[in-house]
Amino acid sequence: MNKALRYAAAVLLAGLGLLLGAPAASAAPGSPLALEVVGDGGRNVNVLITWKKDGRPVTDIVAATLLATAPDGRTFGPIPLKSAPEGQNLYNAAEPLPVGEWKVAVTVTKPAEVRKSATVKAQDIVLPAATAPASTTALAERAQEGSSDDLPLQIGVIAAAVLAAIGIMFVLVRRRNVSG
């Protein structure tokens with residue numbers, strides 16, 4: 001009987017270990033996916049892929065392509081999507097789009113088949129121009145202009161601060177002598 005109990009306990013522990021240690025299945029094969037296709041503000045496209053049923057990120061291997069068509073009939077692609085470094089279920093086109101407005105069609109074939117289209121504007125990102133530093137002569141001229149008008153005021157403020165400091169020091173020394 002003792003041997004049978006040990007055998008049953010071993011089988012129970014092995015089953016529990018398999019149950020707890022087994023990775024959770026992400027979804028059943030063929031479960032529908034949800035795609036969100038948007039421009040990134042520059043010349044690329046971001047594709048967010050989630051499970052349609054519960055909105056969880058797709059962590060399975062994804063096979064997807066992008067095909068873009070311009071209003072004038074030009075086409076770009078098909079280009080494979082690659083995993084973006086910003087997130088586990090975020091994908092980008094392997095090559096940036098040419099500048100212009102594009103109707104982008106994303107087709108996912110694995111882990112499930114789905115297709116979604118969106119209109120995207122691809123544009124070069126223009127950084128604001130750096131402002132030129134002021135020349136030293138212009139700064140010196142401004143300093144001279146301001147200093148001649150404000151000189152009496154500056155001297156008055158400094159004199160008032162010095163008199164206030166002397167008065168506070170006089171009061172503190174007097175208190176110390178009276179109490180000590």
Side-chain angles (χ1 to χ4, degrees), residues 20 23-24 26 33-62 64-72 74 76-77 79-106 108 116-180:
L20 294 176
S26 52
L33 299 174
L35 302 180
E36 185 177 338
V37 180
V38 295
D40 71 348
R43 292 181 45 204
N44 214 327
V45 177
N46 290 329
V47 180
L48 188 66
I49 304 175
T50 56
W51 294 108
K52 194 172 195 173
K53 180 178 178 183
D54 57 9
R56 287 181 302 117
V58 173
T59 56
D60 298 0
I61 294 174
V62 172
T65 57
L66 174 142
L67 178 63
T69 307
D72 62 5
R74 292 178 296 147
F76 180 76
I79 302 294
L81 294 182
K82 61 183 174 75
S83 182
E86 293 88 6
Q88 68 179 0
N89 61 325
L90 182 65
Y91 293 83
N92 301 115
E95 297 176 35
L97 292 169
V99 173
E101 190 166 312
W102 297 91
K103 182 172 182 176
V104 175
V106 174
V108 177
K116 177 140 187 202
S117 297
T119 301
V120 173
K121 184 175 182 182
Q123 59 189 5
D124 288 325
I125 298 174
V126 180
L127 299 175
T131 57
S135 66
T136 54
T137 55
L139 290 175
E141 287 174 5
R142 265 193 247 154
Q144 288 175 352
E145 287 173 5
S147 64
S148 63
D149 296 338
D150 297 334
L151 189 60
L153 178 64
Q154 291 173 352
I155 291 173
V157 169
I158 292 172
V162 169
L163 287 175
I166 291 172
I168 290 171
M169 193 169 96
F170 179 73
V171 169
L172 291 175
V173 169
R174 183 123 169 109
R175 277 191 186 167
R176 189 179 210 191
N177 289 339
V178 170
S179 62

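Heads up: numbering here begins at 1 and tracks the sequence. Computed from heavy atoms alone, side chains included, the values below leave out hydrogens, waters and symmetry copies.
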For Asn44, the side-chain hydrogen bond (donor to acceptor under 3.5 Å, both in side chains) test, sequence neighbours excluded, returns none

Between the CG atom in Leu153 and the CD1 atom in Ile158, the distance rounded to the nearest 0.5 Å is 10.0 Å

Sequence neighbours excluded, the answer for side-chain hydrogen bond (donor to acceptor under 3.5 Å, both in side chains) partners of Asn92 is Asn46

> Above 12 or not: heavy atoms from other molecules or residues under 6.0 Å from NZ of Lys82?
Replying inline: yes

With sequence neighbours left out, the residues meeting side chain to side chain contact (heavy atoms under 4.5 Å, CB included) with Leu33 are Ile49, Trp51, Val58, Val108, Pro111, Ala112, Val114

Heavy-atom closest pair (Trp102 atom, Ala122 atom, distance to 0.1 Å) is CD1-CB, 4.1 Å

With sequence neighbours left out, the residues meeting side chain to side chain contact (heavy atoms under 4.5 Å, CB included) with Ala118 are Val37

Scanning both residues in full, the closest heavy-atom pair of Ala68 with Leu97 reads CB-CD2, 3.8 Å

Hits for side chain to side chain contact (heavy atoms under 4.5 Å, CB included) against Thr65, two or more places apart or cross-chain, chain-then-number order -> Pro78, Thr107

Around Leu163, counting heavy atoms of other residues, nucleotides and ligands shown, do more than 12 lie under 6.0 Å from its CG?
yes

Contact check, side chains of Leu48 and Asn89, non-hydrogen atoms, under 4.5 Å
yes

Those residues at least two apart in sequence (or on a different chain) that pass side chain to side chain contact (heavy atoms under 4.5 Å, CB included) with Lys103 are Ser117

For Gly77 and Leu67, the nearest pair of non-hydrogen atoms, with its separation, is C-CD1, 3.6 Å

Residues Leu66 and Ala93: closest non-hydrogen pair is CD1-CB, 4.3 Å

